[in-house]
Amino acid sequence: MARIIEITDFSDPQLDVYARLTERQLQGRDEHVTPLFIAESPNVILRALDAGYEPVSLLMERRHIDGAAREVVRLCPEIPLYTADLPVLTRLTGFPLTRGVLCAMRRRPLPCAESVCAGAGRVAVLENVMNPTNIGAIFRSAAALNIDAVLLTPSCCDPLYRRSVRVSMGTVFQIPWTFLGESCSDWPYPGMERLRAMGFRTAAMALRQDAISIDDPRLRAEEKLAIVLGSEGDGLTDGTIAGCDYTVRIPMSHGVDSLNVAAASAVAFWELGRR
C-alpha cells in the first residue's frame with residue numbers, strides 16, 4: 001500500500017531533494033546530504049528500478065497515482081509518495097513537471113573503468129562534454145547502436161543529472177559507465193595508458209586534414225576500439241588527438257564544418273559499432 005502524503009507544507013525538509021538541493025548537493029558533495037539523483041517520468045523510473053537503483057521517495061501529480069505511474073507506485077509501496085495537483089507541484093519545484101512524476105533514488109558507488117570495460121569491444125570516451133542534453137543524447141545513441149560502455153573524463157557533466165537522465169530516456173541505467181579518473185590531471189594521461197592496458201586502440205573523432213574517413217576498413221577490423229569524442233565548442237584537445245592511434249573524420253557536405261557532438265556520436269556509433 002502506497003504511503004501517500006498530501007503536500008501542505010512547502011518547507012518540509014523531505015521535499016528539499018525536489019525543491020531546494022542543487023545538482024552538486026545531490027551528488028553528495030555536501031557531507032550532510034546522502035548522494036541522490038532524480039529520475040523523471042514513469043518509463044525512466046521503471047528502467048532505474050529494473051537496474052536495481054533504490055528509490056527514496058516519489059513526487060507526482062495526484063492523477064498519476066492510479067494512472068500513468070500506477071506500476072511505479074506498485075513497485076515502491078514502502079517509500080513516501082508526495083502528491084498534489086500540478087499547480088502546487090509547479091510552485092514547489094519551480095518548473096512544470098514534464099511527465100508529472102519524479103523519483104529520488106540513491107546513487108551507487110561508481111565502478112572502475114577496468115570493470116566497466118571487461119568484455120567490451122566498443123566503448124565511447126567523452127572528453128569535456130558538459131551539456132546535460134548532449135550527455136543524455138549520447139547515452140541513448142550508445143545504448144541503441146552497439147556501444148558496450150561509456151567512459152567520461154572528470155570534467156564531463158554527470159550522467160545522473162536530472163536532464164541527462166531524462167534525455168537519455170533511462171538508457172543511462174542500461175549501459176555501463178564510469179568516470180575515467182578522479183581529477184582533470186588523469187586525462188589524457190594516465191587515462192590513455194589505462195585504455196591501452198585494457199587492449200583498446202583509440203580513435204579520435206576530429207576534423208583534421210590528415211584524418212582517415214570513418215568508413216576506413218581498418219577501424220572496423222579493430223577487435224577493441226575506443227571512440228573518443230570532444231567538447232561541444234572546441235572538440236578534442238590537441239594532446240588527446242596526438243595520443244590516439246587514429247584520427248577519424250565524418251565526411252561533410254554543403255559547406256557544413258562539423259556536427260554537434262551528440263549527432264556526431266550517433267554517426268560514429270552506427271558506423272564503428274558494427275562488427
Side-chain angles (χ1 to χ4, degrees), residues 1-28 30 32-109 132-133 135-144 157-177:
M1 185 68 179
R3 293 173 54 195
I4 300 175
I5 302 170
E6 185 75 21
I7 295 173
T8 57
D9 180 6
F10 280 23
S11 66
D12 184 343
Q14 298 300 316
L15 297 175
D16 285 352
V17 63
Y18 301 108
R20 287 172 284 277
L21 296 185
T22 66
E23 292 283 4
R24 182 181 178 85
Q25 289 173 315
L26 286 174
Q27 285 181 278
D30 182 332
H32 302 296
V33 178
T34 301
L36 301 170
F37 68 91
I38 304 296
E40 183 174 347
S41 89
N43 287 339
V44 169
I45 295 168
L46 288 173
R47 285 183 172 173
L49 292 172
D50 285 344
Y53 283 90
E54 179 187 352
V56 173
S57 66
L58 288 159
L59 176 73
M60 68 180 69
E61 285 185 70
R62 187 180 293 104
R63 66 188 178 95
H64 290 317
I65 295 174
D66 294 316
R70 181 171 51 211
E71 181 65 8
V72 171
V73 174
R74 185 186 72 80
L75 292 171
C76 303
E78 302 300 324
I79 65 173
L81 190 166
Y82 297 96
T83 189
D85 291 327
L86 184 59
V88 175
L89 297 185
T90 299
R91 181 181 164 198
L92 172 71
T93 62
F95 62 90
L97 274 65
T98 306
R99 296 290 183 267
V101 183
L102 299 177
C103 182
M105 310 189 93
R106 295 190 190 279
R107 290 175 179 262
R108 299 195 298 222
T133 298
I135 289 288
I138 291 169
F139 266 87
R140 191 172 182 184
S141 293
C157 168
D158 177 11
L160 293 184
Y161 275 11
R162 184 182 305 182
R163 186 166 181 80
S164 298
V165 171
R166 182 172 70 245
V167 173
S168 82
M169 292 299 291
T171 55
V172 69
F173 307 122
Q174 296 177 306
I175 186 166
W177 64 272

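Position 1 is the first residue of the sequence, and the numbers go up from there. Heavy atoms only: backbone and side chains are in, while hydrogens, waters and symmetry mates are out.
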Measuring from atom [atom1] of [X] to atom [atom2] of [Y], what distance do you get when rounded to the nearest 0.5 angstrom?
X    : Y    : atom1 : atom2 : value
L102 : R166 : CG    : CZ    : 9.0 Å
L36  : Q25  : CG    : CD    : 11.0 Å
C157 : I135 : SG    : CD1   : 5.5 Å
R74  : E71  : CZ    : CD    : 4.0 Å
S41  : H64  : OG    : NE2   : 10.0 Å
D16  : Q14  : CG    : CD    : 8.0 Å

**OP:** For side chain to side chain contact (heavy atoms under 4.5 Å, CB included), just list the numbers for M169 and R47, CA-CA rounded to whole Å, side-chain angles, deciding distance to a tenth of an Å, and then say yes or no.
**Re:** CA-CA 9 Å; M169 292 299 291; R47 285 183 172 173; 4.0 Å; yes
Subject >> For S168, side-chain contact (heavy atoms from CB on, under 4.5 Å) partners two or more places apart >> reply: F139, T171, V172
Original post:
Partners of A51 by side-chain contact (heavy atoms from CB on, under 4.5 Å), sequence neighbours excluded?
Top reply: Y53, F173
Going by heavy atoms in the side chains, are [X] and [Y] under 4.5 Å from each other?
X    : Y    : answer
Q174 : D50  : no
L75  : L46  : yes
V56  : R106 : yes
M60  : I65  : yes
M105 : L160 : no
E23  : D158 : no
P55  : L49  : yes
C76  : L58  : yes

Original post:
Is a donor on one side and an acceptor on the other found under 3.5 Å between the side chain of R3 and the backbone of E78?
Top reply: yes
Original post:
Are any side-chain N or O atoms of T83 and backbone N or O atoms of R62, one a donor and one an acceptor, separated by less than 3.5 Å?
Top reply: yes
**OP:** Identify whether the distance between the nearest side-chain nitrogen and carboxylate oxygen of E54 and R108 falls below 4.0 Å.
**Re:** no
**OP:** Return yes when atom CG of D66 has more than 12 non-hydrogen atoms of other residues, nucleotides or ligands closer than 6.0 Å, and no otherwise.
**Re:** no
Original post:
Can you pull the ring-ring contact (aromatic ring centres under 6.0 Å, His included) pairs that have at least one residue in residues 69-89, sequence neighbours excluded?
Top reply: none
Subject >> Full working for side chain to side chain contact (heavy atoms under 4.5 Å, CB included) between V165 and I38 >> reply: CA-CA 8 Å; V165 171; I38 304 296; over 6 Å; no
Looking only at non-hydrogen atoms, find the nearest pair between [X] and [Y] and report the distance.
X    : Y    : value
I175 : A142 : CD1-CB, 3.7 Å
G136 : V167 : C-CG1, 3.8 Å
V17  : A104 : CG2-CB, 3.9 Å
L26  : L21  : CD2-CD1, 4.0 Å

Original post:
Step by step, would you call E40 with R163 a side chain to side chain contact (heavy atoms under 4.5 Å, CB included)?
Top reply: CA-CA 9 Å; E40 183 174 347; R163 186 166 181 80; over 6 Å; no
